[in-house]
A.B. asks: 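Starting off with a structure, shown below.
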Amino acid sequence: MRSRFDSEIVRAGLVTSDQRWSGVEFHPAIGSTNDRARELATDTGQPWRIVLTDHQTGGRGRLGRSWQVPDRASIAVSVIVPIADPATAGWVPLLAGLALERAIGEVTHGAGASLHATLKWPNDVLIADDGNRKVSGILCELVHLDGGHGVVVGTGVNVHQTREELPVETATSLELCGARIRREDLVVAYLRHLARLLEPLGSDSDAVRSQALEGGRAAYVAACSTVGAMVRIHLPLGEIAEGCALGVDSSGALVLDTPQGRRTFAAGDVVHVRRHPGGLA
Ligand code: BTN
């Protein structure tokens, strides 16, 4: 029997005087935590709220897909963060992936498993120890807040699933990779990293935002196994492009060196074909 999620642990770890988070809402079951967070953003106009569930019955994924998980097996969390300039919104999903990659490394290390997580652009977290299978997904949506803009960051992490409980062969769970962790500990570690990385994007100061983005971009590229790889990208309208991933531009879009020349992609599904022989980074 899998244990119930204890939102009090999350509240005690995050709604404190040294953290930005201001409230935690837990639902034993709900359609989509992203939908609930969007509703909260509209009703309150306030950022830094956290919505969690043990059983998400209508989870939504990127590019209009669904995200299905069994009861009490995974993390489903959505949060509202403020951004001062909507032009920086493209960086939020990438930095959220980076926050989760760091948290998985930390929490699995603490549990004696030390998994090696990497990022596939834009924000899939892959576990190198299990054939680079995907352990999480992140869906970001722009919302209006009092006096400005915000982003709902919705994150799903496969924690306890067995192979049979996963929807595709290319997915994995932390437990399948040998890490037996408490979901609550990973949520606390993830949202601490997330607040640290995203808080500067809510600043009124251009200098604070651009300095944070510069640092965030360097850290993201270092953690992203897409950069330097030969990739195939499936675009939302069905086109497929191939090339060597050269890096990410100032908006967070992926830059490929393709046979047709240098091309930039703001969205799409990436497949890693192989590392580029020249090892571009
Ligand atoms: C993906 O397609 O990779 C993104 C999946 C995002 C799933 C999470 S689970 C919590 C939040 N609520 C949703 O409805 N979706 C996101």
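Counting starts at 1 for both ligands and their atoms, in listed order.
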A.B. asks: Taking ring-ring contact (aromatic ring centres under 6.0 Å, His included) as the definition, give me every residue that meets it alongside H234, ordered by chain and number, with sequence neighbours left out.
C.D. replies: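 Once residues adjacent in sequence are excluded, H234 has no partner under the ring-ring contact (aromatic ring centres under 6.0 Å, His included) criterion.
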A.B. asks: Please list the nearest protein heavy atom to atom 9 (S) of ligand 1 with its residue and the distance rounded to 0.1 Å.
C.D. replies: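 The protein heavy atom lying closest is Q56 NE2, 3.3 Å.
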A.B. asks: Below 4.0 Å, non-hydrogen atoms only: which portion of T155 touches ligand 1? Side chain, backbone, both or neither.
C.D. replies: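 Within the 4.0 Å criterion, T155 contacts ligand 1 through backbone atoms alone.
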A.B. asks: Starting from atom 4 (C) of ligand 1, locate the nearest protein heavy atom and write down its residue, its atom name and how far away it is, to 0.1 Å.
C.D. replies: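 The answer is I138 N, 3.5 Å.
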A.B. asks: Check for a donor-acceptor pair, side chain of Q19 on one end and backbone N or O of T16 on the other, with a separation under 3.5 Å.
C.D. replies: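 It does not hold such a pair.
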A.B. asks: Any nitrogen or oxygen of S136, main chain or side chain, under 3.5 Å from a nitrogen or oxygen of ligand 1?
C.D. replies: no
A.B. asks: Check ligand 1 against S78 and write out every atom of the ligand that is under 4.0 Å from a heavy-atom position of the residue.
C.D. replies: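 Heavy-atom distances to S78 below 4.0 Å select 11 (C), 12 (N).
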A.B. asks: With heavy atoms of G59 as the reference, note each atom of ligand 1 found under 4.0 Å away.
C.D. replies: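 Once the distances to G59 are compared, the set is 14 (O).
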A.B. asks: What atoms in ligand 1 come closer than 4.0 Å to a heavy atom of T33?
C.D. replies: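 The atoms of ligand 1 under 4.0 Å from a heavy atom of T33 are 10 (C), 11 (C), 12 (N).
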A.B. asks: Of the backbone atoms (N, CA, C, O) and the side-chain heavy atoms from C-beta on, which set of R36 has a member under 4.0 Å from an atom of ligand 1: side chain, backbone, both, or neither?
C.D. replies: neither
A.B. asks: Quick check against the 3.5 Å criterion: does R209 have a side-chain atom that pairs as donor or acceptor with the backbone of S203?
C.D. replies: yes
A.B. asks: Quick check on contacts: which atoms of ligand 1 are under 4.0 angstrom from a heavy atom of G156?
C.D. replies: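 In order of number, 8 (C), 9 (S).
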A.B. asks: Quick test: of every protein heavy atom, which one is nearest to atom 2 (O) of ligand 1, and how far off is it to 0.1 Å?
C.D. replies: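 Looking only at protein heavy atoms, the one closest to atom 2 (O) of ligand 1 is R62 N, 2.7 Å.
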A.B. asks: Could you walk me through whether T226 and H272 pass the side chain to side chain donor-acceptor pair (under 3.5 Å) check?
C.D. replies: CA-CA 7 Å; T226 305; H272 290 172; 2.8 Å; yes
A.B. asks: Ligand 1 versus D35, non-hydrogen atoms closer than 4.0 Å: side chain, backbone, both, neither?
C.D. replies: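 Neither; nothing of D35 gets under 4.0 Å from ligand 1.
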A.B. asks: What residue and atom, counting heavy atoms only, is the protein's closest point to atom 3 (O) of ligand 1, and at what distance?
C.D. replies: K134 NZ, 2.8 Å
A.B. asks: Among R60, R65, E141, Q68, which one has a heavy atom closest to atom 16 (C) of ligand 1?
C.D. replies: R60
A.B. asks: Side chains of D249 and T264: do they bring a donor and an acceptor to under 3.5 Å?
C.D. replies: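 D249 vs T264: no donor-acceptor pair found between side chains.
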A.B. asks: Looking only at heavy atoms, what is the nearest atom pair of L100 and S136, with distance?
C.D. replies: CD2-OG, 3.2 Å
A.B. asks: Which heavy-atom pair separates E239 from R263 by the least distance, and what is that distance?
C.D. replies: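 Closest heavy-atom pair between E239 and R263: OE2-NH1, 3.1 Å.
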A.B. asks: Could you walk me through whether T42 and V143 pass the side-chain contact (heavy atoms from CB on, under 4.5 Å) check?
C.D. replies: CA-CA 8 Å; T42 307; V143 287; 6.0 Å; no
A.B. asks: Hey, does W67 come in under 3.5 Å of ligand 1, counting only N/O atoms on both sides?
C.D. replies: no
A.B. asks: How would you list all residue pairs meeting ring pair (Phe, Tyr, Trp, His ring centres under 6.0 Å) that involve residues 29-54, not counting sequence neighbours?
C.D. replies: W21-W48
